[in-house]
Amino acid sequence: MAAFGFEPAEAIAHLRTADPALTQIIDAAGPFAMELKKARSVFAALAEAIVYQQLSNKAAATIFGRLCSHFPRGSVGLTADRLLTLSDTRIRGAGLSRPKLKSLRDLARRTAAGEVPTLAAARRLSDAEIVERLIAVHGIGRWSAEMFLMFYLGRPDVLPIDDYSLRKAYATAFRKRALPSREVLEKAGEKWRPYRTVASWYLWQTLNMS
C-alpha cells in the first residue's frame with residue numbers, strides 16, 4: 001500500500017506550533033485523512049491526468065475507459081509502448097481532443113526514451129528533479145507535477161500555489177476579502193515548511209465545511 005514519506009502526527013504537531021492560526025482549522029477538520037492514489041507507473045498516472053484535464057470526473061472516466069479498452073486487461077495494459085502503436089484514429093475515437101492526443105504521444109515517446117522516470121526512480125529523486133522531468137512533457141504543467149508529488153508519492157512539502165481551490169481555501173480560512181496572489185500564498189507557506197502538503201490538505205478541507 002502506498003505510504004506517506006513522513007509521519008502525519010509529527011507534521012500536525014509541527015504545524016500547530018509553527019502557525020497557531022492553523023490550529024482551529026486542524027481541530028475543525030479532524031484527523032489527517034488524505035488518501036494516496038495507486039499507480040502502476042508514472043506513465044499511467046500522467047496519461048490518466050492528461051485525459052482528465054478540464055473535464056468532469058464522469059466524462060473523463062468514460063473517455064479513459066474507452067481508451068483503455070484498446071489494451072489487454074484495460075487500464076492495466078496501458079503502457080507507453082502500446083500507446084505508441086495505437087493509431088491516432090482510435091485514440092481520437094475515444095473522445096480525446098487533438099491537444100490531448102499530442103500530449104499522450106509526447107508522454108509515451110518520452111517514457112519509451114527513458115526521460116520520464118519509473119516509479120522506483122521517482123522515489124529517489126528530489127521534488128524539484130521530478131517537476132523538471134515531468135513538465136518537459138507536452139501538456140503537463142507544474143500543477144499536474146505537484147499533484148503527482150502529493151497524491152502519488154506522498155511528498156511532505158508541496159505547496160501548489162497555482163491551485164485555484166487552495167487560494168480560495170486560504171482566503172476562506174483566514175477571512176481574506178480577495179484571493180491571495182501566488183506570491184502571498186508562497187510567503188504564507190514558508191512557516192509551514194517542511195509539511196506544506198499537510199497544511200494544503202487542511203486548507204482544502206475548509207471548502208467542505210459549512
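- If you take CG on L83 and CZ on R109, they are separated by 10.0 Å, rounding to the nearest 0.5 Å.
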- Worked verdict on V42 versus Y152 for side chain to side chain contact (heavy atoms under 4.5 Å, CB included): CA-CA 9 Å; V42 176; Y152 284 97; over 6 Å; no
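- Under the salt bridge (charged side-chain N to carboxylate O under 4.0 Å, His left out) criterion, R124 pairs with no residue at all, not counting sequence neighbours.
- A salt bridge links E146 with R142: the distance from a Lys NZ or Arg NE/NH1/NH2 to an Asp or Glu carboxylate oxygen falls below 4.0 Å.
- The two residues A33 and W201 have their closest heavy-atom pair at N-CH2, 3.3 Å.
- A donor-acceptor pair under 3.5 Å links the side-chain atoms of T197 to the main chain of R155, judged by distance alone.
- Legend: residues meeting salt bridge (charged side-chain N to carboxylate O under 4.0 Å, His left out) with R105, ordered by chain and number and at least two apart, are D88.
- Separating the CZ atom in R98 from the CG atom in L101 is a distance of 7.5 Å, to the nearest 0.5 Å.
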Side chains of residues 68-75: which donor-acceptor partners sit under 3.5 Å, not counting sequence neighbours?
unit_1 : atom_1 : unit_2 : atom_2 : d
S69    : OG     : R66    : O      : 2.5

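- Residue-environment remark: CZ (R92) exceeds the threshold of 12 foreign heavy atoms within 6.0 Å.
- Listed by chain and residue number, nothing satisfies the ring-ring contact (aromatic ring centres under 6.0 Å, His included) test with F43 (two or more places apart in sequence, or in another chain).
- Side chain of K102 to backbone of G139: no donor-acceptor contact under 3.5 angstrom is found.
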Cut-off 3.5 Å, no hydrogens considered: what does the side-chain donor-acceptor table look like for residues 14-29, sequence neighbours left out?
unit_1 : atom_1 : unit_2 : atom_2 : d
H14    : NE2    : R193   : O      : 2.7
R16    : NH1    : D27    : OD1    : 3.0
R16    : NH2    : D27    : OD1    : 2.7
T17    : OG1    : A13    : O      : 3.2
D19    : OD1    : A21    : N      : 3.3
D19    : OD2    : W192   : NE1    : 2.8
T23    : OG1    : P20    : O      : 3.2

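- Counting heavy-atom neighbours within 6.0 Å of W143 CH2, excluding the residue itself, gives a total of 12 or less.
- More than 12 heavy-atom neighbours from other residues, nucleotides or ligands sit within 6.0 angstrom of NZ on K191.
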Enumerate, atom names and distances included, each donor-acceptor pair closer than 3.5 Å involving a side-chain atom of residues 130-137, sequence neighbours excluded.
unit_1 : atom_1 : unit_2 : atom_2 : d
R133   : NE     : E115   : O      : 2.8
R133   : NH2    : E115   : O      : 3.2

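- Checked against the 6.0 Å centroid threshold, Y195 and F32 do not count as a close aromatic pair.
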